[in-house]
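Basis for what follows: all heavy atoms, side chains included, without hydrogens, waters or symmetry-related copies.
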Amino acid sequence: ILMFAVVYFFMIAPQMKRAKQEKKFAAELKRGDKVITKSGMHGKIFELTDTACVIETQAGKIKFERASIHMEMSNKLNAPAVVKK
């Protein structure tokens, strides 16, 4: 029982928390957000549907699934720049 508790708190619970955060992130996407896909494509959201989004890049408009947008990299891209003195 102790082993199961350790596995749950160190492996299963963090994965469930991360999945919940990614689902919330995908639901909060809106037109004009700058994003990075999991394959490394940079762009701005041009159009959204329930399951997909069209991203405008320098190469043109490309359709991706919402699940293919990388949460951490997109958040870093949109974070305010920190100025060091």
Next item on the list: Would you name the heavy atoms of A52 and K63 that are closest together and state the gap between them?
Entry: CB-CE, 3.6 Å
Next item on the list: Determine the minimum heavy-atom distance between L77 and K34, stating which atoms define it.
Entry: CD2-CB, 3.6 Å
Notebook entry, point to check: Shared ILVMFWY cluster between F4 and M11, side chains joined below 4.5 angstrom?
Noted result: no
Note to self: Nearest 0.5 angstrom please: K30 NZ to E28 CD, how far?
What the structure shows: 8.5 Å
Note to self: Show the nearest heavy-atom pair for residues I36 and H42, with the distance to one decimal.
What the structure shows: CD1-CE1, 3.4 Å
Checklist line | Members besides M71 in its Ile/Leu/Val/Met/Phe/Trp/Tyr cluster (side-chain heavy atoms under 4.5 Å) | finding: F25, L29, V35, M41, I45, L48, I55, I62, F64, I69
Item checked: Salt bridge flag under 4.0 Å for residues E72 and R18 -> yes
Next item on the list: May I ask you to decide if K23's main-chain N or O and R66's side chain share a donor-acceptor pair within less than 3.5 Å?
Entry: no
Margin query: Test your reading of the model: is there a side-chain donor-acceptor pair from N78 to the backbone of N75, 3.5 Å cut-off?
Written below: no
Next item on the list: Would you mind listing the cluster partners of F46? Hydrophobic ones only (ILVMFWY), side-chain contacts under 4.5 Å, chaining allowed.
Entry: V54
Check: Quick check: does any side chain N or O of K38 sit under 3.5 Å from a backbone N or O of A67, one acting as donor and the other as acceptor?
Finding: yes
Margin query: Can you tell me how far apart CD (Q21) and NZ (K24) are? Round to the nearest 0.5 Å.
Written below: 8.5 Å
